[in-house]
Enquirer: 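Take this structure, written in structure tokens, and hold onto it; I'll ask about it next.
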There are 2 protein chains.
Amino acid sequence: MKLSDRKKQILKAVVDDYIQTAEPVGSRTVVVRMETPVSSATVRNEMAELENLGYLEQPHTSAGRVPSNLGYRMYVDELMERYHLTGADLAEVQKALKFRMRELDRLIFEAGKMVSELTHHAAIALTPVADTESIRRFEVIPVDKTTVVLILVTTTDQIRNRICRLNVPLSGLEISAANRALNAYFTNIPLHDMNGDRIARAESETGAEITELLVAAIDFAADVLRRILNREVYLSGATQLLQYPEYRDVDRARALLDCLSDRETVVRLPEPEPGETIRVSIGEETGVQALDDVSVVVTSYEAGHGARGLLGVVGPTRMDYARVCARLQKFSEGLSQILNEQQRNG
Amino acid sequence: MKLSDRKKQILKAVVDDYIQTAEPVGSRTVVVRMETPVSSATVRNEMAELENLGYLEQPHTSAGRVPSNLGYRMYVDELMERYHLTGADLAEVQKALKFRMRELDRLIFEAGKMVSELTHHAAIALTPVADTESIRRFEVIPVDKTTVVLILVTTTDQIRNRICRLNVPLSGLEISAANRALNAYFTNIPLHDMNGDRIARAESETGAEITELLVAAIDFAADVLRRILNREVYLSGATQLLQYPEYRDVDRARALLDCLSDRETVVRLPEPEPGETIRVSIGEETGVQALDDVSVVVTSYEAGHGARGLLGVVGPTRMDYARVCARLQKFSEGLSQILNEQQRNG
DNA sequence: GTTAGCACTCTAAGGCATCGAGTGCTAAAG
DNA sequence: CTTTAGCACTCGATGCCTTAGAGTGCTAAC
């Protein structure tokens, strides 16, 4: 069934008011928010119908109405006004974005913090993952006789390093040989091809004395790839959640925070559909029990090389969707820009 | 004034009980905890005196007594039994420590998480800082014509990298020249000596075309040193705080969490005195307003090269000091061991 | 110095009346 | 047929009172 215009207007008024006050909304309150003037009785009738249709709920008789998750869904899909970013808003976003950093992980972490500050909600940030990530380049740097630093650069330009102590000292020549072998045999291959076979082949061309180093390097590379494919999860501004009246109940707040700190839960949150840039999950739509009464707004950002990261906001179901969506989207656009620009030049 | 043995016994009983129950302790409860049997009336008299002396407090007439911060102080300094780690405790600590990682920052972060799990309190971890940190080695790795990776190793064996895009392409020869210059002029010098003078001297020996790269490298080195000298702060298990009845009040909990998330506050917390390995700060002793009603237990760990990091626990003033101290100390010993072993061999 | 006993204090908890916001329904007006 | 005014009704929130119980301080006896 299609809602009448007036019903939509009333539903919108209820959501708008409830977003601001977190108190059940009565018919009188709705009247003052309506454009076309009607009496509270009319509104009452309409609200009773909206309740029957499942868009509103009553905590108890003689309280006002509260939007149901279906109501929020309708609001997000059809009713919500495109939030107009004010000059101050934009300035804030810009300012936050100007603070750019080189290291990807750190950048993403900082981005999460910024989003949290920008939206006044808890934020989650997931590092980008390209499905075809591999190692682009190895470098072995001698530090002292039995110590080398292993450096590797991935196809998405992430750099990782590890100190490696050797039981048998290696000469400079041997180290460069190992270096060459690593770059010849182990670059641009997928994780599952980094196996013993290949190590044996590389070894046969250089000599057994570098096996220790080779194995350590491959080990490290595999570690790094595995970790990159298991995207990192950052949670910021968790205390923001405590400011909302719905989490005055410490037990609820705690359950929620614990859930958000759990990597496994977070990586399973619904992402934007292919082609979409933003995805709003209301209440149970998140598919996670403990998140049944919060909403999650997620955008994806481009990190170059086809890699996509995620940036999201977690707040009460009555969050100001219009504002949050606008800011989040703007921010993720900016982030994509920075990441791609960084990639093209410097 | 010196407390009588019986007073001490009573004070200890009150603290012990209050630590467990978080409820004011009445005279009857104390009697059952006493070794030498006395009547509740006697205990009442003694408790009244202890209150006059400032060791106990009464939330209101006709509630039981609660230890004052002075009372906790006395408890920690004299009364507390050396907590005996059970086999299970030890096993837990061992297990946690076995999980070792190579990268220092990550290791410290994980250590914080472990401490939080081990003590069931919020934990703070600060990365070690040596007062004489400098760069031990530079390495410049060409990636493509205008892109190089800068790597540097610090005197405490921390490794950092940054991608650097050049406006003017450099040849392999030029890059190695820059590499040599960096290692010749900018290793093992303190941060404040990395100035224009020295850049000019290095440049005069090599040629102006590498200036861009030199400047970028020095810039990066200075950044890294500055950041290392500003120790990183990690907070873990913050939600643990929410489990204690004293933080059922969300506003208090939030103020506390916000305060602990603030780097500036955390680095100012009292550290163990030189020579000591552990420092207990009770209530106002932390010197931070917002932490007036929590206690902080801090140990330091050795990270080699004379660098010391900090590892601490934040909980209600009625925390189980004996248990927390024991576990924290054990853990930091283990951490020191790992860090030094890692340094010697590998 | 210790203890039993007792009056006293103060909070927590339950019961109860009151208040008021908000509803649903009805009947009249448009 | 829709809208509106009016009114009775519902139900949580608030405040007040009472009661129960835990714990104290004091006094007098041992």
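It should be emphasised that the depicted structure is a prediction, and the values quoted were computed from it without experimental measurement.
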Enquirer: Tell me whether the count of non-hydrogen atoms from other residues, nucleotides or ligands lying under 6.0 Å of CZ in A:R263 goes above 12.
Expert: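 Above 12, so yes.
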Enquirer: Measure CD/B:E23 against C1'/C:dA12 and give the value in whole Å, please.
Expert: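 Roughly 12 Å, once rounded to whole Å.
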Enquirer: Specify the separation, in whole Å, of atom CG of B:L56 and atom C1' of D:dG23.
Expert: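 B:L56 atom CG is separated from D:dG23 atom C1' by 14 Å.
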Enquirer: Can you check the B:Q58 CD to C:dC10 C1' distance for me, whole Å?
Expert: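 After rounding, the gap between these two atoms is 10 Å.
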Enquirer: Is any N or O donor-acceptor pair between the side chain of B:S62 and the base of C:dT9 shorter than 3.5 Å?
Expert: yes
Enquirer: Kindly indicate whether the side chain of B:R28 and the base of D:dG21 share any N or O donor-acceptor pair separated by less than 3.5 Å?
Expert: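 Absent.
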Enquirer: Classify the side-chain pair A:D258/B:T239 by whether it contains a donor and acceptor separated by less than 3.5 Å.
Expert: yes
Enquirer: Could you tell me whether the phosphate oxygens of D:dC11, OP1 or OP2, come under 4.0 Å of any side-chain nitrogen or oxygen in A:T61?
Expert: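 Indeed, a polar side-chain atom of A:T61 lies that close.
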Enquirer: Taking atom types as modelled, find out whether A:S300 and A:E271 have a side-chain donor-acceptor pair closer than 3.5 angstrom.
Expert: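 No donor-acceptor contact under 3.5 Å links the two side chains.
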Enquirer: Select one nucleotide: of D:dC7, C:dC10, C:dT3, the one nearest the side-chain heavy atoms of B:S39.
Expert: C:dT3
Enquirer: Just compare C:dG24, D:dT24, C:dA4 and give me whichever is closest to any side-chain atom of A:A48.
Expert: C:dG24
Enquirer: Return the value, rounded to whole Å, for the distance between atom CD of A:E49 and atom C1' of C:dC25.
Expert: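 Atom CD in A:E49 sits about 15 Å away from atom C1' in C:dC25.
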Enquirer: Look at A:T42 and D:dT3 and indicate whether a side-chain polar atom (N or O) is within less than 4.0 Å of OP1 or OP2.
Expert: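 Checking A:T42 against D:dT3: no side-chain N or O falls below 4.0 Å of OP1 or OP2.
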Enquirer: Starting at atom CD of B:E51, determine the distance to atom C1' of D:dG23, rounded to an integer number of angstrom.
Expert: 12 Å
Enquirer: So, A:N69 versus A:E285: side-chain donor-acceptor pair below 3.5 Å or not?
Expert: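 There is no such pair between these side chains.
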Enquirer: Rounded to whole Å, how long is the line connecting atom CD of B:E46 with atom C1' of C:dT2?
Expert: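 Result: 11 Å.
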Enquirer: Hey, does A:R65 reach any base, or is it just sugar-phosphate, or nothing, if we go heavy atoms under 4.0 Å?
Expert: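 Here A:R65 touches the backbone only, sparing every base.
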Enquirer: If you look at every strand shown and take non-hydrogen atoms under 4.0 Å, does B:A41 touch a base, only sugar-phosphate, or nothing?
Expert: base
Enquirer: Atom NZ of A:K7 and atom P of D:dT3: how far apart are they, to the nearest Å?
Expert: 10 Å
Enquirer: Do the side-chain N or O atoms of A:S27 get closer than 4.0 angstrom to the phosphate oxygens (OP1, OP2) of C:dG22?
Expert: no
Enquirer: Can you tell me the distance, in whole Å, between the CG atom of A:N45 and the P atom of D:dT2?
Expert: 11 Å
Enquirer: Would you tell me if any nitrogen or oxygen in the side chain of A:R6 comes within less than 4.0 Å of OP1 or OP2 on D:dT3?
Expert: yes
Enquirer: Aromatic rings B:Y18 and B:Y72: how do their planes relate, parallel, tilted or perpendicular, breaks at 30° and 60°?
Expert: tilted
